[in-house]
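Everything below concerns the one structure shown next.
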Amino acid sequence: MLALVDGNNFYVSCERVFRPSLFGRPVVVLSNNDGCAISRSNEAKALGIRMGQPWHEFRHLERTAGVVALSANFELYGDMSHRVMALLGRHAPGQEVYSIDECFLDFQGLPGDLVALMRQVRAEVLQQTGIPVCVGLGPTKTLAKLGNHIAKSAERKPDRYPASQAQVCHLGALSPRQRQVLFTATEVGEVWGIGPQVAARLNAAGVHTVSDLLAHDAAALRQRFSVVLTRTLRELQGTPCLALEDAVQARQQIKCSRSFGASVLDLPSLVEAVSTFASRAAEKLRRQASLAGAVQVYLRTNPFRTHDEQRSRTWTTPLARPTDDTQRLVQAAVRGLEAAYTAGYRYAKVGVTLLDLQAATHCQEELPWIASGNAPAPDRGPLMKAMDAMNQRYGKGTIAVASTGATRPERHWVMRQERRTPRYTTQWDELPEVRA
DNA sequence: TCTGGGGTCCTAGGACCC
DNA sequence: TCTGGGGTCCTAGGACCC
């Protein structure tokens with residue numbers, strides 16, 4: 001049996017742990033650049049603020065409804081996530097951390113009342129971290145996810161699901177009749193893996209609820225839809241198609257991109273941004289002990305400014321030899337940028353993606369006659385190690401490649417973050433103060 | 001005026017091969 | 001008017017997730 005444990009309104013809940021005055025108020029956390037809502041308290045949801053809604057559209061609620069908007073504080077959320085995950089991991093033989101705020105727990109073969117156990121675990125997590133969570137249980141990942149969705153909805157909308165399913169919902173422990181009631185009240189689009197496009201196509205075919213979908217035969221569905229949907233259906237029927245991934249898998253690509261705080265026209269500013277993002281991607285690359293075989297640069301204008309002329313380009317630069325050396329990766333990224341750049345556009349965003357990743361232990365060497373012509377300087381592993389150690393110890397950006405423009409104060413492409421709370425748990429000078 | 005970032009997987013279509 | 005069949009590999013783009 002699998003459980004899916006998920007933090008309620010996770011980012012908002014993290015903020016509330018350190019600012020109890022936020023309880024009971026409509027709170028939203030904004031994406032980078034203070035762009036749109038990415039986490040909302042129940043009070044904010046009740047005001048009609050949508051997931052992903054642009055801040056400028058509901059900014060007036062700050063005055064009229066007492067909405068509190070905060071800039072995303074990912075350093076805080078990441079640290080809180082570690083605490084929650086570590087606690088949860090102690091209660092099951094298997095755990096897959098699926099995202100910053102949710103994990104699967106594997107109770108395979110374990111006896112006992114899982115609903116009672118998970119209610120106790122919930123209370124423990126709340127007491128020790130301050131984060132409220134909901135739990136879904138089921139024999140497959142998709143059913144555990146669905147149980148979790150029902151557990152959360154039952155808490156917020158008591159008219160829709162029985163109150164008995166609130167907070168902890170075990171789909172594997174219900175009678176077929178009870179399940180039928182829940183599945184008839186649930187739309188297909190609410191199922192994990194069925195997005196808006198597929199949901200619309202299913203609706204057009206007369207399939208509206210989970211019950212409707214379960215009435216179909218997987219093989220017949222394959223004729224009209226993808227294997228993805230077929231798999232989802234089998235999982236809903238109770239046949240596991242998605243394995244629990246206990247071990248943390250190395251990423252297959254690593255990306256770092258940002259929208260700018262203000263649009264950028266000149267190449268030198270873009271070079272700074274691309275150098276910065278390539279450096280950050282390189283740090284992530286080394287952290288997972290991989291090498292990159294290619295560097296992709298992406299730049300685009302602001303698609304929302306419809307009166308502006310639009311442009312979007314990606315450019316991939318293959319590397320003669322895979323590397324994790326920041327300077328080489330930055331050089332490749334900047335070369336790509338210069339190839340992709342055309343003057344005269346108002347650029348709003350650039351990104352760097354490291355591709356063709358491989359384990360650092362399996363480096364493919366060059367044939368000697370290729371290298372002999374213009375042999376590149378060797379990688380500087382010890383230098384990279386020292387850089388990472390310094391930045392870890394003294395803070396991000398303590399030591400950086402010069403082309404990032406780190407020493408230039410007026411980098412107007414840097415994102416806006418006007419309402420960020422302190423990084424209470426990870427920075428000595430931002431620790432919360434307790435007054436007696 | 002202001003609209004996020006980082007991933008994965010699947011599919012269709014083109015290039016290429018025999 | 002007629003113009004093979006079967007396969008692999010790669011890539012771009014779409015859909016989805018949080």
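Sequence lines set the chain letters: A, B, ... in the order given, protein chains first and strands last, and positions in each chain run from 1.
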Honestly, is A/K349 close enough over A/Y298, meaning NZ or CZ under 6.0 Å from the six-membered ring centre and within 45° of the axis?
no

Taking side chain as C-beta onward, heavy atoms only, is A/V350 less than 4.5 Å from A/R258?
no

Can you pull every protein N or O that's under 3.5 Å from an N or O on nucleotides 7-9 of chain B?
residue : atom : partner : partner atom : Å
B/dG7   : OP2  : A/K255  : N            : 2.6
B/dT8   : OP1  : A/Q252  : N            : 3.1
B/dC9   : OP2  : A/Q252  : NE2          : 3.2

May I ask you to evaluate whether A/R305 reaches the phosphate of B/dT3, defined as a side-chain N or O under 4.0 Å from OP1 or OP2?
no

Convert the base pairs of DNA chain C into dot-bracket notation, remembering that pairs crossing earlier ones are written with [ ] and that bases paired across to another strand are shown as |; include only Watson-Crick or G-U pairs under 3.5 Å.
....||||||||||||||

Quick one: is A/K349 getting a side-chain N or O under 4.0 Å of the B/dT3 phosphate, OP1 or OP2?
no

A/V28 side chain near A/F58 side chain, heavy-atom distance below 4.5 Å:
yes

Between A/W315 and A/Y341, does the ring centre distance come in under 6.0 Å?
no

A/L88 side chain reached by A/V121 side chain, heavy atoms, under 4.5 Å:
yes

Check each residue of residues 191-226 of chain A for a non-hydrogen atom within less than 4.0 Å of any atom in DNA chain C, then write out the ones that pass by number, or none.
A/V191, A/W192, A/G193, A/I194, A/G195, A/P196, A/Q197, A/V198

Would you say A/S259 reaches B/dT3's phosphate, i.e. side-chain N/O to OP1/OP2 under 4.0 Å?
no

Between C/dA12 (P) and A/L355 (CG): distance, integer Å
10 Å

Could you walk me through whether A/E102 and A/K145 satisfy the salt bridge (Lys or Arg N to Asp or Glu O under 4.0 Å) test, starting with their C-alpha distance in whole Å, then the side-chain angles of each, then the deciding distance to 0.1 Å, before giving a yes or no?
CA-CA 10 Å; A/E102 62 190 294; A/K145 282 285 279 189; 2.7 Å; yes

Is any side-chain nitrogen or oxygen of A/N302 closer than 4.0 Å to OP1 or OP2 of B/dT3?
yes

Using the salt bridge (charged side-chain N to carboxylate O under 4.0 Å, His left out) rule, pick out the option among A/E75, A/E15, A/E430 that qualifies with A/R420.
A/E430

Measuring only the C1' atom in each nucleotide, how far is B/dG4 from C/dC17? A whole number of Å is fine.
14 Å

